[in-house]
Amino acid sequence: MFTTAFAPTKPPIDFFAAIQELKQEMNAVILAHYYQDPDIQDIADYIGDSLGLSRQAASTDADVIVFAGVHFMAETAKILNPDKLVLLPDLAAGCSLADSCPPQAFAAFKATHPDHLVISYINCTAEIKAMSDIICTSSNAVEIVRQISKNQPIIFAPDRNLGQYVMQQTGRDLLLWQGSCIVHETFSERKILQLQAEYPEAEVIAHPECESTLLRHAKYIGSTTALLKYCQQSTTKVFIVATEPGIIHQMQKQEPDKIFIPAPPTTNSCACNECPYMRLNSLEKLYLAMKNRTPEIKLAEKTRLAALKPIQKMLEMSHK
Ligand code: 13P
Ligand code: SF4
């Protein structure tokens, strides 16, 4: 006779309550990016763009940082906090933009331009940060480039689209690394124009990681935090949002009477305007990471120290 062993029935875990409890026990802070699932955004202590999250990581007095975002973000938190435990719910949450700039190839590129200052977008690995002079984010890239003497040649890495946007805003000629984000390069210009025809009152708002062909249709271009603020301040009621749609959760919370339409991707068959890396995190993984104190971000001290300098430089150079 066969017997089948069944796991005893247990009441379902209330992940919200369990995470709150662990947070107290561990003296942990949960930092989340706007591209995370709504549940994660709702349980976070702080939600922000990359600059805001770096500032929070630099100033927290928690013992444990739970980073609900992607690897380069949690890594930045670790660079700023070597003695804290930094947890990332899923270590596979990488970034196509960071991957588009392999350290060895970038070192060779940099070596051929020894007179250039290196400004790197924060969406890169610690190894690339360690080879950079200044880090920037989408909210301070223009501001930082404007502070550099006009005679100083600059390499801008890894995002060619943000680099193009900075060139256009500052009138500077930057030597661009040809990296890009799979999410922000996926929006369909044709479908956005169709939506504009359907909703003539709508404004297109876009993240500067989008291609210039798309940015030229945008009424407003900015980091995730800047886009959110713009929607609050604008009298417009309908927005076509050309960035990862996770941010629409906050937009809708803050402006429940306005309409936010996610900019459609070129293909109809998938939700590929959702960042597949960001979306690897879940409330369940976040709970387990806290409970088991793993997966943890670890970093060689030599790389950390070299990567810390350009991050500190960015924090000094960007206005509060
Ligand atoms: P910000 O939130 O800094 O605008 O960056 C967007 C992004 O692509 C994060 O991966
Ligand atoms: Fe990287 Fe793009 Fe995802 Fe941001 S949205 S984490 S840049 S792949």
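Whatever order the structure lists them in is the order used to number ligands and atoms, beginning at 1.
Aromatic ring pairs are classed by plane angle as parallel below 30°, tilted from 30° to 60° and perpendicular above 60°; the pair Phe109 and Phe106 is tilted. Between Tyr230 and Phe239, the ring planes are perpendicular. Angles over 60° get that label, and only those under 30° would be called parallel.
Residue, atom and distance of the protein heavy atom nearest to atom 1 (Fe) of ligand 2 are Cys95 SG, 2.4 Å. Here the heavy atom of the protein found nearest to atom 10 (O) of ligand 1 is Asn123 ND2, 3.4 Å. Nearest protein heavy-atom contact of atom 9 (C) of ligand 1 is Met73 CE, 3.6 Å.
Some N or O of Ser138 is nearer than 3.5 Å to an N or O of ligand 1, by distance alone. At least one N/O-N/O distance between Glu209 and ligand 1 falls below 3.5 Å. For ligand 1, none of its N or O atoms has an N or O atom of Thr137 under 3.5 Å away. In terms of polar-atom proximity, His184 is not counted as a contact of ligand 1, lacking any N or O under 3.5 Å from an N or O of the ligand.
At a 4.0 Å heavy-atom cut-off, ligand 1 touches His207 through the side chain alone. Here Tyr34 has no heavy atoms under 4.0 Å from ligand 1, in either its backbone or its side chain. The proximity of Asp49 to ligand 1, defined as any non-hydrogen pair under 4.0 Å, involves the side chain as well as the backbone. Residue contacts with ligand 2, taken as heavy atom pairs separated by less than 4.0 Å, do not involve Glu244 at all.
In summary, of the residues considered (Ile135, Val166, Ile148), a side chain to side chain contact (heavy atoms under 4.5 Å, CB included) with Ile119 occurs for Ile148 alone.
In summary, the side chains of Gln41 and Gln36 do not present any donor paired with an acceptor at a separation below 3.5 Å, with no hydrogens or angles considered. A donor-acceptor pair shorter than 3.5 Å cannot be found between the side chains of Ser223 and Thr225.
For ligand 2 and Cys181, the ligand atoms under 4.0 Å from any heavy atom of the residue are 2 (Fe), 5 (S), 7 (S), 8 (S). Each of the atoms 3 (Fe), 5 (S), 6 (S), 8 (S) of ligand 2 lies under 4.0 Å from some heavy atom of Cys275. With ligand atoms numbered from 1 in the order given, ligand 1 contributes 4 (O) to contacts under 4.0 Å with heavy atoms of Ser223. Taking a cut-off of under 4.0 Å to the non-hydrogen atoms of His33, the atoms of ligand 1 that pass are 1 (P), 2 (O), 5 (O), 6 (C), 9 (C). With ligand atoms numbered from 1 in the order given, ligand 2 contributes 2 (Fe), 7 (S) to contacts under 4.0 Å with heavy atoms of Glu209. Within the listing of ligand 2, atoms 7 (S) sit less than 4.0 angstrom from a heavy atom of Asn123.
Hydrophobic cluster membership is shared by Phe156 and Phe72, with clusters built from Ile, Leu, Val, Met, Phe, Trp and Tyr side chains linked at under 4.5 angstrom.
With hydrogens and angles ignored, the 3.5 Å screen pairs no side-chain donor or acceptor of Glu255 with any backbone N or O of Phe260.
The OG atom of Ser96 sits 10.0 Å away from atom NE2 of His184, with the distance rounded to the nearest 0.5 Å.
The number of heavy atoms from other shown groups lying within 6.0 Å of CD (Gln232) is above 12.
When Ser50, Gly69, Ala98 are checked for heavy-atom proximity to atom 3 (O) of ligand 1, Ser50 turns out nearest.
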* Let me see the working for Lys191 and Glu198 under salt bridge (charged side-chain N to carboxylate O under 4.0 Å, His left out), right down to the final yes or no. => CA-CA 10 Å; Lys191 288 183 188 168; Glu198 242 177 277; over 6 Å; no

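Taking a cutoff of 4.0 Å between a charged side-chain nitrogen and a carboxylate oxygen, Lys23 and Asp45 qualify as a salt bridge.
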